[in-house]
Number of protein chains: 2
Amino acid sequence: MRIGELSRRTGVPVPTIKYYVREGLLPPGELSSPNQARYDETHERRLRLIRALLDVGGLKVAAIAEVLQAVDEPGRPVHDVLGAAANRLGPPQPDDGDDDARSEARDTVQELIARRGWRVSTDNPAATDLAHALVALDRLGHAAFAELLDDYADAAEQVARADLDYVNRRVAVEDLVETVVIGTVLGEAVFNALRRLAHVDRSAQQFGD
Amino acid sequence: MRIGELSRRTGVPVPTIKYYVREGLLPPGELSSPNQARYDETHERRLRLIRALLDVGGLKVAAIAEVLQAVDEPGRPVHDVLGAAANRLGPPQPDDGDDDARSEARDTVQELIARRGWRVSTDNPAATDLAHALVALDRLGHAAFAELLDDYADAAEQVARADLDYVNRRVAVEDLVETVVIGTVLGEAVFNALRRLAHVDRSAQQFGD
DNA sequence: ACGTAATGGATAGCGGCACTATCCGCTATC
DNA sequence: GATAGCGGATAGTGCCGCTATCCATTACGT
C-alpha cells in the first residue's frame with residue numbers, strides 16, 4: 001500500500017506520517033522507485049501503536065522513539081530489553097534541589113523494596129519517580145500518606161501478576177516486547193481510570209448525594 | 001512575607017509566581033500599599049500544591065485552575081465538589097471517530113460498572129477514558145486485555161479503600177477537598193511507580209538475567 | 001498518450017503551553 | 001538619599017507536535 005492508503009486506514013494525516021518517519025518512530029516504506037514507497041501491515045500496526053502511546057499513554061514523541069528502538073533491537077537479552085523499554089515509559093524526569101527530603105524519601109523507597117523482596121535496582125527510574133512523589137507529599141504535609149505504601153504495593157503486585165499472566169498467555173501469538181509495552185502503558189491508563197471510578201463510588205457511599 | 005521570600009521558600013521564581021496569580025492558580029497577595037502586597041503561609045501551601053500537581057501529577061495549568069476553583073468554592077455539597085475536582089484530574093479528552101469500536105467499549109465499561117455495583121454515572125470522564133483505552137487496545141489486537149478488567153478493578157477498589165480511609169483519618173486535620181485532590185493525583189503517581197517496580201520484579205523472576 | 005492526482009523528500013511555519021525578560025514608576029530599608 | 005525590591009503590564013522564548021508549501025517525479029484513468 002502507499003502512504004495515502006496507510007493514512008486512510010489509520011486516520012493519521014499523510015504529513016504526520018512523514019513526520020513520524022523523520023523522527024524515527026516509523027520505518028520508511030520500501031522504495032520501489034526513487035519516489036515511490038510501499039508500506040505494509042507492519043507499518044499500519046506500528047502506526048496504531050504510536051497513536052496509542054501518544055494519545056492514551058501520553059508519552060512524548062522522543063520517548064516513543066526510544067521505546068520503539070528497544071522494541072526493534074534484535075536478539076538482546078529479553079529482560080534487558082524489557083527494562084530499557086519500561087524505563088522510558090514514565091513521566092519526564094525533572095529535579096530540583098532539596099537533598100534532605102529527597103534522601104529520606106529514597107530511604108523509604110529502599111526499605112519498601114527490601115520489605116517486598118523486589119529484585120529491583122534502587123536507581124530504577126520508577127523508584128526515582130516514587131521518591132519524587134513522596135517528597136511532594138511530604139512538602140504538602142502529607143508524609144502520613146506513606147503509611148498506605150504497603151496497601152498500594154499489594155495492589156500493584158496483584159496488577160503486575162495479572163499483567164504477566166496476560167503476557168505469558170500471549171507470548172506465542174504476538175511480539176513479546178511489544179505486548180509488554182502495550183500492557184504497561186495502556187494498562188496504566190486503564191488502571192488509573194478504574195481507580196477514579198472506584199473513588200467516585202466510595203465517596204458517593206460516604207458523602208451521599 | 002513579600003513575594004521574594006515566598007519565592008525563596010518554595011524555589012519558584014518570582015516571575016513564575018506572578019504568572020500563576022495571573023492565571024488564577026494563586027490568589028493575589030493582600031495589598032498594603034498600591035504596590036506592596038503581603039503573602040502568608042496559605043500562599044506558600046497553595047504554591048507547593050500547584051507545583052506538585054504540575055510536576056508530579058502532570059496536570060496542565062488550566063486544569064489546575066479549575067480544580068483549585070472547585071477546592072475554594074465555599075459550602076457546596078461535599079460530594080459534588082469532589083466530583084467536580086476529580087473530573088478534571090484525568091488526561092485531556094481527545095476524540096476521533098470510530099463509532100463502532102467506541103460504543104462496544106462503552107458497553108464493556110457499562111457492564112463492568114454494573115457488575116461492580118459502582119454508583120457512577122456512565123458519562124463520568126473516567127469511564128470515557130477507560131473506554132478510550134479499551135478502544136486503543138482493541139485496535140492493537142489486544143481486545144483480550146479486557147479479560148483482566150476484573151483483576152484490575154479488584155486492585156482499584158483496594159486502593160480506593162485505602163485512600164478513603166486515609167482521607168477519613170485526616171479529615172479533622174486538613175482541608176477535606178484538598179486532601180482528596182492530593183490523594184487522587186499524587187496517589188496515582190505513587191501507584192504507577194509501584195506498578196512499574198512490581199513489573200520489573202516479576203519479569204526479572206520470569207526472564208532471569 | 002495525456003492530464004490530473006498522488007508521491008517522496010525537504011524546509012519553513014504554526015498554535016499551544018509554561019514560563020521568562022524587560023520595563024515602569026513606586027516603596028521599603030539601610 | 002542610595003539601593004534593592006516591589007506590583008503590574010506586555011512582549012518574547014523555547015519546546016513540542018504537528019501542518020503547509022514546494023518541488024520534481026511517478027501512478028492512474030481514459
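Please read all numbers here as calculations on a predicted model, not as lab measurements. No hydrogens, no waters, no symmetry mates; every other heavy atom, side chains included, goes into these values. First the proteins, then the strands, lettered A, B, ... as listed; each starts at 1.
- The side chain of B:Ser33 contributes no N or O atom lying less than 4.0 Å from OP1 or OP2 of D:dC6.
- Between the CG atom of B:Asp151 and the CD atom of A:Gln158 there is a distance of 7.0 Å, given to the nearest 0.5 Å.
- Between B:Arg202 and A:Asp163 there is no salt bridge, since none of the side-chain N atoms of the basic residue sits less than 4.0 Å from a carboxylate O of the acidic one.
- The residue B:Pro34 sits close only to the backbone: its heavy atoms come under 4.0 Å of sugar-phosphate atoms, none of a base.
- Between A:Leu197 and B:Leu112, the closest side-chain pair of non-hydrogen atoms is not below 4.5 Å.
- Listed candidates were D:dA20, D:dT25, D:dC6. Nearest to the side chain of B:Arg2 is D:dC6.
- Atom CG of B:Leu26 and atom P of D:dG7 are 12 Å apart (whole Å).
- Rounded to an integer number of Å, the gap from A:Lys18 NZ to D:dT21 P is 13 Å.
- Here the CG-NE2 distance, from A:Leu164 to B:His199, works out to 6.0 Å after rounding to the nearest 0.5 Å.
- Between B:Tyr152 and B:Phe145, the ring planes lie perpendicular to each other; the angle is over 60°, past the 30° to 60° tilted range.
- Put simply, the side chain of B:Asn192 does not reach to within 4.5 Å of the side chain of A:Asp129, judged on heavy atoms.
- By the 6.0 Å contact criterion, CD on B:Glu104 is open, its count of non-hydrogen atoms from other residues, nucleotides or ligands being 12 or less.
- Here chain B contacts DNA chain C (any atom closer than 4.0 Å to a heavy atom, that is under 4.0 Å), and the contacts span C:dA18 to C:dA28 from 5' to 3'.
- In summary, B:Glu44 and B:Arg48 engage in a salt bridge, as defined by a charged side-chain N under 4.0 Å from a carboxylate O.
- Residue whose closest nucleotide on DNA chain D sits further toward the 5' end, between B:Val14 and B:Arg22: B:Val14.
- Atom CE of A:Met1 is separated from atom P of D:dA27 by 18 Å (rounded to the nearest Å).
- Rounded to an integer number of Å, the gap from B:Tyr19 OH to D:dG14 P is 17 Å.
- Here B:Lys60 lies in heavy-atom contact (under 4.0 Å) with sugar-phosphate atoms only.
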Convert the base pairs of DNA chain C into dot-bracket notation, remembering that pairs crossing earlier ones are written with [ ] and that bases paired across to another strand are shown as |; include only Watson-Crick or G-U pairs under 3.5 Å. ||||||||||||||||||||||||||||||

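- Checking B:Arg51 against A:Arg8, the closest nucleotide of DNA chain C that is more toward the 5' end is the one next to A:Arg8.
- At whole-Å resolution of the value, CD in B:Glu23 and P in D:dG8 are 15 Å apart.
- Rounded to the nearest 0.5 angstrom, B:Arg46 CZ and B:His43 NE2 are separated by 9.0 Å.
- When the C1' atom of D:dC16 is taken as reference, atom CG of A:Leu59 falls 14 Å away, rounded to whole Å.
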